[in-house]
**Q** 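Here it is: the structure, laid out below.
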Amino acid sequence: MSTLKRAFLYTMRKKTKTLILFLVLVTISTFILTGLSIYKAADDSALSLRQSVGGSIRLELDENNRKNWQYQQAAGGMLVDYVGAPITDEDIQKIMSIDGIKAYNGLGDGSVFAKDFSFISGFSFGAGSDYSRLPSVTDSEYFNFFTRKAFQLVEGRHIKEGDDHVVLISTAIAEKNALKLGDTITVQCCYDRGTYPDVSLTIIGIYAYEADNEFNTTSTDKRNRLIIDHKAMQEIMQRDVIQYDNGVDFYVDDPREMERIASQIKALDLDWDSFTLTMDNSAYEAVASPLTAMQNLIVWLIVGCVAVSVGILILILSMWIKQRRHETGILLSVGISKSRIILQYTVEVLMIAIVAFGLSFFTSNLISQGVSDLIFHQVSESQPLPEIELPDDGTEYLDITGQYIPYDTSNVETLESVQVDVSPDYLLYIYIFGTLLIAFSVSAASISVIQMKPKKILSQMS
């Protein structure tokens, strides 16, 4: 009689044992399949969240390196000029060639007087103080004031690369001066040195900003921020080339790749005496903490489930194989090898497992979402609320890049639950892993009996 036939007849004859083992295997495979599905769903959710929230790497001028500054005595005081290498478009393109970077935003800096309109007036230090600083951007959608929800675009569109002499203004400026989309405003650089022309800017967007109650001068009032393109800044400041005074932010597809991307940037042939590199993935770390905790918990649950499963299978099979010592002795005495006997025991369990594993696909579908919601809510309650805020070092109201502006966490994307889909692909893993687990369990359970001699086995049964 073949091994397969003996295995089939035994499972049909021992219906109670078969049913018990079937229920055990269904339970084990259901929990493992559920764990795998939840882990994969959490991983997919984390990837989607990482891509949505994102992270950035900033290349900026190293202003702490004294070699980059030139000091000259002049009438009335000391003139200080930055003489380090500027960030060029060639530098930017080198960095953009690195895999994993999806966009960038260069930041320029200037200060202007309003020529044919008025700023929101603040505390004045005297004549000539009614001016405002303004940033130039490559893509205003990535400007920190917008990404951190301090500004909300309410009309028009964002500035994009290639725009020429355009501007975004606040609703406060628009209302005070009766300005609308398509109108033009005129500004002039307010620096003392040099002769600067009047420059016209076309309004393409209007943003809203909830004014704070803090002390403000005209230049520090965020409602006076005029956000412009680099070509306009070049003419306003009368420069030969576009300059990125406040650095360039490079936005990555996946914040988990930031270390790799940063190391590749540092390996580029750039003037690292003049530049520094900083990373910011604080937004993702804050909102993704429940997912991270959930994945860690699921890994331990799967490991624990596997360990318990192996222990239960070995215990059950050991008891049953000991009860079959007489049968084992007879098989050995008629010349059937130990390996074929172990193979028969393994085939018996696998016959039951094939049906049990298939059924676990449906039972896992029934419970996986409920288990996922329970775990997610449990770990979410144990995690602190998102606090995405950079420390105020005293320059919060002076830094036009938004680098020191706290995040508004009210609109930060968060997850309420993790949607689980039990894929048939995962079932394949259960069959492969389950087969290995069963083979190991049967082998371990068979050792004590298989090591005995046929004569001794039969004498014990007499």
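Please read all numbers here as calculations on a predicted model, not as lab measurements.
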**Q** Under the 3.5 angstrom rule, does the side chain of Lys94 hit a backbone N or O of Asp269 as a donor-acceptor pair?
**A** yes

**Q** Grab the two heavy atoms, one from Gly100 and one from Arg260, that are nearest each other, plus how far apart they are.
**A** CA-NH2, 4.3 Å

**Q** Is there side-chain contact between Ile173 and Ile185, with at least one heavy-atom pair below 4.5 Å?
**A** no

**Q** Measure from the side-chain N and O atoms of Gln264 to the backbone N and O of Ile261, and report whether any donor-acceptor pair falls under 3.5 Å.
**A**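 It does not hold such a pair.
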
**Q** Might you confirm whether atom CD of Gln238 has over 12 heavy atoms from other residues, nucleotides or ligands at distances under 6.0 Å?
**A**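 Enclosed: over 12 neighbouring heavy atoms sit under 6.0 Å from CD of Gln238.
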
**Q** What orientation do Phe275 and Trp272 show, parallel under 30°, tilted 30 to 60°, or perpendicular over 60°?
**A**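 Ring orientation of Phe275 relative to Trp272: perpendicular.
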
**Q** Tell me if a side-chain donor or acceptor on Ser441 pairs with a main-chain N or O of Ile438 at a distance below 3.5 Å.
**A** no

**Q** For a 4.5 angstrom cut-off between non-hydrogen side-chain atoms, does Phe146 reach Ile227?
**A** yes

**Q** Can you name the side-chain contact (heavy atoms from CB on, under 4.5 Å) partners of Thr171, sequence neighbours left out?
**A**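 Expected list: Val154, Glu175, Ile206, Ala208.
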
**Q** Hey, could you give me the CG/CG distance between Asp91 and Leu270, rounded to the nearest 0.5 Å?
**A**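 Spacing of CG (Asp91) from CG (Leu270) equals 5.0 Å.
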
**Q** Are the side chain of Lys176 and the backbone N or O of Phe119 linked by a donor-acceptor pair below 3.5 Å?
**A** yes

**Q** Only pairs at least two apart or in different chains count here, so list each ring pair (Phe, Tyr, Trp, His ring centres under 6.0 Å) that has a residue in residues 232-264.
**A** Tyr142-Tyr251, His230-Tyr244

**Q** Before giving the answer on side-chain contact (heavy atoms from CB on, under 4.5 Å), spell out for Leu268 and Ile98 the whole-Å C-alpha distance, their side-chain angles and the decisive distance to 0.1 Å.
**A** CA-CA 10 Å; Leu268 294 174; Ile98 294 174; 4.0 Å; yes

**Q** Does any part of the side chain of Asp163, heavy atoms only, come nearer than 4.5 Å to the side chain of Val166, both counted from C-beta?
**A**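 Yes, close enough: below the 4.5 Å cut-off.
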
**Q** Between Asp271 (side chain) and Asp273 (backbone), is there a donor-acceptor pair under 3.5 Å?
**A**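 Yes: the side chain of Asp271 pairs with the backbone of Asp273.
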
**Q** With a 4.5 Å cut-off on side-chain heavy atoms, are Val199 and Thr186 touching?
**A** no

**Q** Report yes if some heavy atom in the side chain of Asp249 is under 4.5 Å from a heavy atom in the side chain of Asn144; otherwise report no.
**A**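 Heavy-atom side-chain distance check passes, below 4.5 Å.
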
**Q** Please check if any side-chain donor atom of Thr184 sits under 3.5 Å from a side-chain acceptor atom of Thr202, or the reverse.
**A** no

**Q** Grab the two heavy atoms, one from Met233 and one from Leu134, that are nearest each other, plus how far apart they are.
**A**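 Between these two residues, the closest heavy atoms are CE-O, 3.4 Å.
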
**Q** Quick one: does Thr363's side chain get under 4.5 Å of Thr34's, heavy atoms only?
**A** no

**Q** Counting heavy atoms not belonging to Asp164, are there more than 12 under 6.0 Å from its CG?
**A** yes

**Q** Calculate, to the nearest 0.5 Å, the distance between atoms CD1 and SG belonging to Ile32 and Cys305 respectively.
**A**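 Answer for the CD1-SG pair, Ile32 versus Cys305, is 4.5 Å.
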
**Q** Going through the checks in order, is the side-chain contact (heavy atoms from CB on, under 4.5 Å) test met by Leu36 and Ile430?
**A** CA-CA 9 Å; Leu36 290 174; Ile430 294 296; 4.1 Å; yes

**Q** Tell me the closest heavy-atom pair linking Leu153 and Gly156, and the distance in Å.
**A** CD2-O, 3.8 Å

**Q** Which distance, rounded to the nearest 0.5 Å, do you find between the CG of Leu277 and the CG of Asp62?
**A** 11.5 Å

**Q** Does the pair Asp221/Arg223 count as a salt bridge with the N-to-O cut at 4.0 Å?
**A**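 Answer for the salt bridge query: yes.
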
**Q** Kindly write out the residues that satisfy side-chain contact (heavy atoms from CB on, under 4.5 Å) with Thr27, not counting sequence neighbours, or none if the list is empty.
**A** Phe31

**Q** Mind checking whether Asp139 and Glu161 have side chains closer than 4.5 Å, heavy atoms only?
**A** no

**Q** Are any of the side-chain nitrogens in Glu141 or Lys160 under 4.0 Å away from the carboxylate oxygens of its partner?
**A**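 Lys160 and Glu141: salt-bridged.
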
**Q** Judged by atom type as modelled, is there a donor-acceptor pair below 3.5 Å linking the side chain of Asn177 to the main-chain atoms of Ala174?
**A**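 Side chain of Asn177 to backbone of Ala174: no pair is present.
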
**Q** State, to 0.1 Å, how close Leu61 and Pro86 come at their nearest heavy-atom pair, and which atoms those are.
**A** CD2-CA, 4.3 Å

**Q** What are the two closest non-hydrogen atoms of Val422 and Ser364, and how far apart are they?
**A** CG2-OG, 3.8 Å

**Q** Is the backbone of Thr218 close enough, under 3.5 Å, to the side chain of Asn224 for a donor and an acceptor to pair up by distance?
**A** yes

**Q** Report yes if the side chains of Val248 and Asn105 come closer than 4.5 Å at any heavy-atom pair, otherwise no.
**A**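 Heavy-atom side-chain distance check fails, nothing below 4.5 Å.
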
**Q** So Tyr431 and Phe433, ring-ring contact (aromatic ring centres under 6.0 Å, His included) or not? Walk me through it.
**A** CA-CA 6 Å; Tyr431 274 108; Phe433 177 76; over 10 Å; no

**Q** Checking Thr138 side chain against Gly106 main chain: does a donor-acceptor pair fall under 3.5 Å?
**A**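 Side chain of Thr138 to backbone of Gly106, a donor-acceptor pair under 3.5 Å: yes, one is there.
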
**Q** On a heavy-atom basis, which atom in Phe357 and which in Ser29 lie closest, and how many Å separate them?
**A** CD2-CB, 3.4 Å

**Q** Nearest 0.5 angstrom please: Leu21 CG to Ile28 CD1, how far?
**A**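 If we round to the nearest 0.5 Å, Leu21:CG and Ile28:CD1 are 8.5 Å apart.
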
**Q** Could you grab the distance from atom CG of Leu366 to atom OG1 of Thr30, nearest 0.5 Å is fine?
**A** 9.0 Å

**Q** Do the side chains of Asp245 and Arg239 get close enough for a salt bridge, i.e. N-O under 4.0 angstrom?
**A** yes

**Q** Given 3.5 Å as the limit, does a donor-acceptor pair link the side chain of Ser274 with the main chain of Ala85, or not?
**A** yes

**Q** Under 30°, 30 to 60°, or over 60°: which ring-plane class applies to Tyr207 and Phe151, parallel, tilted or perpendicular?
**A** parallel

**Q** Please lay out, stage by stage, how Ile95 and Tyr104 fare under the test side-chain contact (heavy atoms from CB on, under 4.5 Å).
**A** CA-CA 10 Å; Ile95 295 175; Tyr104 78 92; over 6 Å; no

**Q** Could you tell me whether the side chain of Asp198 and the main chain of Gln188 form a donor-acceptor pair under 3.5 Å?
**A**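 It does not hold such a pair.
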
**Q** From Asp229 CG over to Leu168 CG, what is the distance, rounded to the nearest 0.5 angstrom?
**A** 9.5 Å

**Q** In sequence, state the C-alpha distance, the side-chain angles, and the governing distance for Arg225 and Ser132, and then conclude on side-chain contact (heavy atoms from CB on, under 4.5 Å).
**A** CA-CA 7 Å; Arg225 292 289 180 264; Ser132 183; 3.8 Å; yes

